[in-house]
*Asks:* 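The structure follows.
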Amino acid sequence: MKTPCYTLLLLLFALVSSAQKSNYPISAIKDSLKENANAVVRLDQMDIAIVSQRSMNIKTQRVVSVFNEKGLNDIDAYQHYDKTTSIKSIEAIVYDAFGNEIKKIKRKDFTDRSTVDGSTIFSDSRILYLDYTPISYPFTIIYSCEYQTSTTAAIPSWRPLGGYFVSVEKSILNVTFPKALGFRKKEFLLSMFNIQKTIETDTQLSYIVSNIPAQKLEDYSPIFSKLYPKVMMSLEFFNLEGVDGNAKDWIEYGKWFSEKILTGTTVLPEETKVKIKALVGDEKDPIKKARIIYKYVQEKSRYVSIQVGIGGFKPMLAQDVDRLGYGDCKALSNYTRALLNIVDVPSYYTELYGDQYPIDIEEDFFSIQGNHVILCVPDGNKNVFLECTSQNNPFGYQANFTDDRNAIVIKPGGAEIIRTKNYESNENTQNSNGSYSIEQDGTFSGKIVIVSQGSQYRSKEKVVRFQPEEKERYYKNYWSNINNLKLEKISYSDDKEKINFTENIQLKATNYGNITGNKILFTVDAFNQNRETVRRIRNRKNPFQVLHGYYDTDEIEINLPAGFSIEFIPSNFELKGKFGEYKTEIIKKGDNKLTYKRSMFLNKGKYSNTEYDEYRLFMEQVSRNDNAKIILTKN
């Protein structure tokens, strides 16, 4: 009798041990998937069940093996919820490298917080997320979540590869939907990794892909979403936050959004109307009126950061913004629209992607797109776009966040896809005029006036709001070529009408001139050296992009120390090509005075991977010449 009992105990122990093990030991991962990977997605499965126009159920299971701290970002164990979206289940299980269970994480162990701090208006917009600190690497985590939403207008896109330095063993998408709802899709780059469409019927759609190797980030690459596969989906008949809608294209969407979402949101108190009319006074020009209103909004309100789709798609009521003095991008844009209505200036609620990389709305595929809202004000045959979340932006300024991209301009007669302002390379200027002196002991003292416009205005005007220690750190980094830098005097002028920012700076440094025996050696270009490092990339795969072209001009007077003569002076230099133009010139003004002139024009644009080495060579030549030196000899 003892032998069968012992066998039974062994079998039971084996079953318990098996139950505690996952099917995902690290040893089972192919070597090809470990290469260049901070993490490996063992399984990423999304099952979308669109039950009706007002009901969508989404199940996700994500199994991720994490190799190092950087790979923690690829776990993606979080879920937003609000009054229209409920989380039915959420959990995670952590396993060690051998597949042994370490920890089970239930819903109560996830961190639950509001998506917005300090705002009662958006208190129902929350996020559940896993905050897990591993005891060792590698480890594997199995995350699963199921949620239900009545908002069927925003179907998640499928992106089998989520980022750089992460590989994928298997990714699956399953979608079911009623035929009558008008399901549509748009596929991008599916042939890249041999993605298979396993089912496509009137009510079902499925894809599967296996063994996607980790992709390395290549400098200057276009945004990730433009380079790798995805599937966008939408319905003709949908529900958005309790409001039914139907649209096959942007025109129909604009009509519906204007009537069902925006109607009734621009009502303001009578006292506000009186105040705004008095503020505008007898001004007749619509754009001048808009300037007055825009300044009023900047001074009165503050921005609460919430993306479109989080905290709702419908903007907060204008009267609530007026009362509370804050709002998100939707709320502040709609509030500005309401104020402009008071003084008979037409304006339009505008959806787009806000990002330093220009991300376009897909013009030929209607779906809920964008993550940001601005305001469009017609100005004759052009448009002025207002960033209503900024308390510092000049009127109509967009550079580096909403410029040069498709936007959905929502009008009562239907939405239009309109391109926002493109800041051409020759508009993004930095003009520098100044002088410096080199003393006999190598000491440097100089002054410089820098005027920046276009996209370069954006990178400079923020400095005025820095604390003193931040300013010093900023300029020491900006002029890292000048050792022992001491800032002696700084003043600024911010002309928001002309949109230019002026820096007036006096500075000093010891040992700028390198003294060797009876010689002094120093770099001619003290104020505007190009130090951009364009790394060599062998067998580059991706095209590359110069996001922001620019045009810099410099004219600097150089005073040389008495008792020294010029032994060597760099030759004038000129470089022209598809990427831009660069020119330097040194003019002698006497025995102890030089004028240094420099101009650099860089073309904004997209280029093929085969042109990258040519670009690298162009920038290397610029950097090398910017580092050219003068040699002085003591008389």
Side-chain angles (χ1 to χ4, degrees), residues 20-26 29 37-47 58-149 154 156-157 159 161-169 171 214 217 224 304-312 328 355 371:
Q20 289 179 337
K21 279 198 171 188
S22 75
N23 295 319
Y24 298 101
I26 300 298
I29 301 173
N38 296 319
V40 177
V41 177
R42 316 294 293 277
L43 173 66
D44 186 10
Q45 180 165 337
M46 180 164 59
D47 299 316
I58 298 178
K59 293 180 182 179
T60 58
Q61 185 177 39
R62 189 168 171 85
V63 184
V64 185
S65 294
V66 181
F67 297 150
N68 53 49
E69 187 176 357
K70 292 179 180 177
L72 292 173
N73 293 328
D74 297 305
I75 295 174
D76 284 348
Y78 67 90
Q79 182 56 51
H80 292 279
Y81 69 98
D82 56 25
K83 60 186 178 183
T84 67
T85 300
S86 61
I87 299 175
K88 299 176 72 173
S89 65
I90 188 169
E91 67 172 16
I93 305 175
V94 185
Y95 299 88
D96 67 14
F98 303 101
N100 299 309
E101 183 178 320
I102 299 174
K103 186 175 185 179
K104 185 169 284 185
I105 303 165
K106 297 184 178 180
R107 178 173 180 148
K108 64 182 177 61
D109 302 314
F110 279 70
T111 302
D112 187 346
R113 67 167 178 81
S114 172
T115 56
V116 184
D117 295 326
S119 167
T120 57
I121 292 293
F122 304 103
S123 59
D124 64 341
S125 302
R126 304 191 66 80
I127 183 173
L128 268 181
Y129 66 93
L130 178 63
D131 186 9
Y132 175 70
T133 303
I135 56 176
S136 64
Y137 295 96
F139 70 93
T140 297
I141 192 160
I142 298 178
Y143 164 73
S144 58
C145 177
E146 180 179 1
Y147 68 94
Q148 177 95 21
T149 181
S157 294
R159 292 177 170 85
L161 185 64
Y164 293 109
F165 303 109
V166 56
S167 56
V168 178
E169 275 192 347
S171 182
L217 174 62
F224 185 90
V304 178
S305 176
I306 315 172
Q307 284 191 336
V308 170
I310 302 170
D328 66 352
D355 195 276
N371 65 357

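Predicted model only: the values in this text are computed from it and were never measured. Side chains included, hydrogens not; waters and symmetry mates left out as well; all remaining heavy atoms used.
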*Asks:* Any side-chain heavy atom of D76 sitting closer than 4.5 Å to one from Y78?
*Replies:* yes
*Asks:* State which residues pass salt bridge (charged side-chain N to carboxylate O under 4.0 Å, His left out) with D44; sequence neighbours excluded, sorted by chain then number.
*Replies:* R62
*Asks:* Minimum heavy-atom separation for F110 to A77, with atom names?
*Replies:* CE2-O, 4.3 Å
*Asks:* Check step by step if side-chain contact (heavy atoms from CB on, under 4.5 Å) holds for L72 and Y137.
*Replies:* CA-CA 10 Å; L72 292 173; Y137 295 96; 3.5 Å; yes
*Asks:* Any chance you could measure C145, atom SG, to K59, atom NZ, to the nearest 0.5 Å?
*Replies:* 11.5 Å
*Asks:* Check salt bridge (charged side-chain N to carboxylate O under 4.0 Å, His left out) between K88 and all other residues, then give those that pass, not counting sequence neighbours.
*Replies:* E146
*Asks:* What distance do Y143 atom OH and I141 atom CD1 have between them, rounded to the nearest 0.5 Å?
*Replies:* 10.0 Å
*Asks:* How far apart are the closest heavy atoms of F165 and L217, and which atoms are they?
*Replies:* CZ-N, 3.5 Å
*Asks:* Distance check, rounded to the nearest 0.5 Å: E169 atom CD versus R42 atom CZ?
*Replies:* 4.5 Å
*Asks:* Kindly indicate whether the side chain of Y129, heavy atoms from C-beta on, has any atom under 4.5 Å from the side chain of R113.
*Replies:* yes
*Asks:* Taking the side chain as every heavy atom from C-beta outward, state whether V40 and Y24 have any atom pair closer than 4.5 Å.
*Replies:* no
*Asks:* Going by side-chain hydrogen bond (donor to acceptor under 3.5 Å, both in side chains), name the residues that satisfy it together with S167, two or more places apart in sequence or in a different chain.
*Replies:* none
*Asks:* Identify the heavy atoms of G71 and V66 that sit nearest to each other, and give their distance.
*Replies:* C-CG1, 3.6 Å
*Asks:* Please report the closest heavy-atom contact between D74 and V64, naming both atoms and the distance.
*Replies:* O-CG2, 3.8 Å
*Asks:* Could you grab the distance from atom NZ of K103 to atom CZ of F139, nearest 0.5 Å is fine?
*Replies:* 11.5 Å
*Asks:* Rounded to the nearest 0.5 Å, what separates atom CD1 in I90 from atom CG in L128?
*Replies:* 5.0 Å
*Asks:* Apply side-chain hydrogen bond (donor to acceptor under 3.5 Å, both in side chains) to T149 and list each qualifying residue two or more places apart in sequence or on a separate chain.
*Replies:* T85
*Asks:* What residues, two or more places apart in sequence or in another chain, satisfy side-chain hydrogen bond (donor to acceptor under 3.5 Å, both in side chains) together with D112?
*Replies:* Y81, R126
*Asks:* Quick check: does any side chain N or O of T115 sit under 3.5 Å from a backbone N or O of S125, one acting as donor and the other as acceptor?
*Replies:* yes
*Asks:* Is the shortest side-chain heavy-atom distance between Y132 and I105 below 4.5 Å?
*Replies:* yes
*Asks:* Could you tell me which residues satisfy side-chain hydrogen bond (donor to acceptor under 3.5 Å, both in side chains) with Q79, sequence neighbours excluded, listed by chain and number?
*Replies:* none
*Asks:* Looking at F67 and P138, what are the two nearest heavy atoms and their distance?
*Replies:* CD2-CB, 3.8 Å
*Asks:* Which heavy atom of P156 sits nearest to which heavy atom of M46, and what is that distance?
*Replies:* CB-SD, 4.2 Å
*Asks:* If I take atom CD1 from residue I142 and atom CD1 from residue I93, how far apart are they, to the nearest 0.5 angstrom?
*Replies:* 6.0 Å
